[in-house]
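See structure below.
Throughout, numbering of the chain's residues begins at 1 and tracks the sequence. From a predicted model like this one, the values you see are computed outputs, not experimental measurements.
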Amino acid sequence: MALAGSGRPCCSSLLLLWRSRLFPELTESYHKKVVDHYENPRNVGSLNKDDKNVGTGLVGAPACGDVMKLQIEVDDSGKIVDAKFKTFGCGSAIASSSLATEWVKGKTVDQAMAIKNTDIAKELCLPPVKLHCSMLAEDAIKAALADYKLKQEKEPEKGAASV
């Protein structure tokens, strides 16, 4: 890869080369799906947590130090139209949260609630020692959905007279 028009390698190709030289075990011990989501994470970022249509889930695993923030944006019909995440953790935690954001997009709130850590672990081919990463992703989805539902309950009824 090169930066368009410069003839020089771009930063991302240098970063991949650097990672492969310094951490060869990353590509050797992780399944290619985990490596793909780690090196090319989808939906990294944040949504406005104060928006009534945005649910935020923040979860952590004290045993390993992984922390995951996952946010969803839901439209008026109850469909998840956007999802973002920020994760501090290992490659499996990053991959699990990246996959989770891909999977919730386009689903209804109820459909997203049905996503299980076992499905995430199976898709990413996570070994037993990394199953807690998929559990974090499921917990983050559920926490974001709970936050969204709480915001909807707090919203005053439309048409109610204010005094």
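Residues passing the salt bridge (Lys or Arg N to Asp or Glu O under 4.0 Å) test with Asp147 are Lys151, sequence neighbours excluded. With sequence neighbours excluded, the residues forming a side-chain contact (heavy atoms from CB on, under 4.5 Å) with Thr118 are Lys116, listed by chain and number. Scored by the side-chain hydrogen bond (donor to acceptor under 3.5 Å, both in side chains) test, Ser134 finds no partners at all (sequence neighbours excluded). Remark: Asp75 pairs with Ser77, Lys79, Val81 by the side-chain contact (heavy atoms from CB on, under 4.5 Å) rule, at least two apart or across chains. Listed by chain and number, the residues in a side-chain contact (heavy atoms from CB on, under 4.5 Å) with Asn53 are Asp51, Asp76, Tyr148, Gln152 (sequence neighbours excluded). Cys125 is linked by a side-chain contact (heavy atoms from CB on, under 4.5 Å) to His31, counting only residues two or more places apart in sequence or in another chain. Every residue was checked against the side-chain hydrogen bond (donor to acceptor under 3.5 Å, both in side chains) condition with Lys84, not counting sequence neighbours, and none meets it.
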(request) Determine, stepwise, if the pair Ile115 / Val104 fulfils side chain to side chain contact (heavy atoms under 4.5 Å, CB included). (result) CA-CA 8 Å; Ile115 295 173; Val104 298; 3.8 Å; yes
(request) Determine, stepwise, if the pair Asn40 / Val35 fulfils side chain to side chain contact (heavy atoms under 4.5 Å, CB included). (result) CA-CA 8 Å; Asn40 307 293; Val35 174; over 6 Å; no
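No donor-acceptor pair closer than 3.5 Å links the side chain of Glu39 to the backbone N or O of Asp36. Of the possible polar contacts, none joining the Lys49 side chain to the Val54 backbone as a donor-acceptor pair under 3.5 Å is found.
Listed by first and then second residue, the salt bridge (Lys or Arg N to Asp or Glu O under 4.0 Å) pairs involving residues 91-109 are Arg42-Glu102, Asp82-Lys105 (not counting sequence neighbours). Identified under the side chain to side chain donor-acceptor pair (under 3.5 Å) test for residues 55-64, with sequence neighbours left out: Thr56-Gln71. Among pairs with a residue in residues 125-146, those fulfilling salt bridge (Lys or Arg N to Asp or Glu O under 4.0 Å) read Glu138-Lys142, at least two apart in sequence or across chains.
The distance from the CD1 atom of Ile141 to the CH2 atom of Trp103 is 8.5 Å, given to the nearest 0.5 Å. For the atom pair CG (Asn117) and NE2 (His132), the distance works out to 12.0 Å, reported to the nearest 0.5 Å. Between Asp119 atom CG and Leu124 atom CG the span is 11.0 Å, to the nearest 0.5 Å. A distance of 10.0 Å separates CG of Leu126 from CE of Met135, quoted to the nearest 0.5 Å.
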Check residues 86-96 and write down every donor-acceptor pair under 3.5 Å in which the side-chain atom is one partner and the other belongs to a residue at least two apart or another chain.
from  : atom 1 : to    : atom 2 : distance (Å)
Thr87 : OG1    : Ser97 : OG     : 2.8
Ser96 : OG     : Ser92 : O      : 2.8

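The closest side-chain heavy-atom distance from Met113 to Val109 is not below 4.5 Å.
Met68 forms part of a hydrophobic cluster together with Val59, Leu136, judged by ILVMFWY side-chain heavy-atom separations under 4.5 Å.
When all heavy atoms of Ile72 and Val74 are compared, the pair lying nearest together is CD1-CG2, 3.9 Å. Nearest heavy-atom pair, Leu70 versus Thr101, reported as atom, atom and distance to 0.1 Å: CD1-CG2, 4.0 Å.
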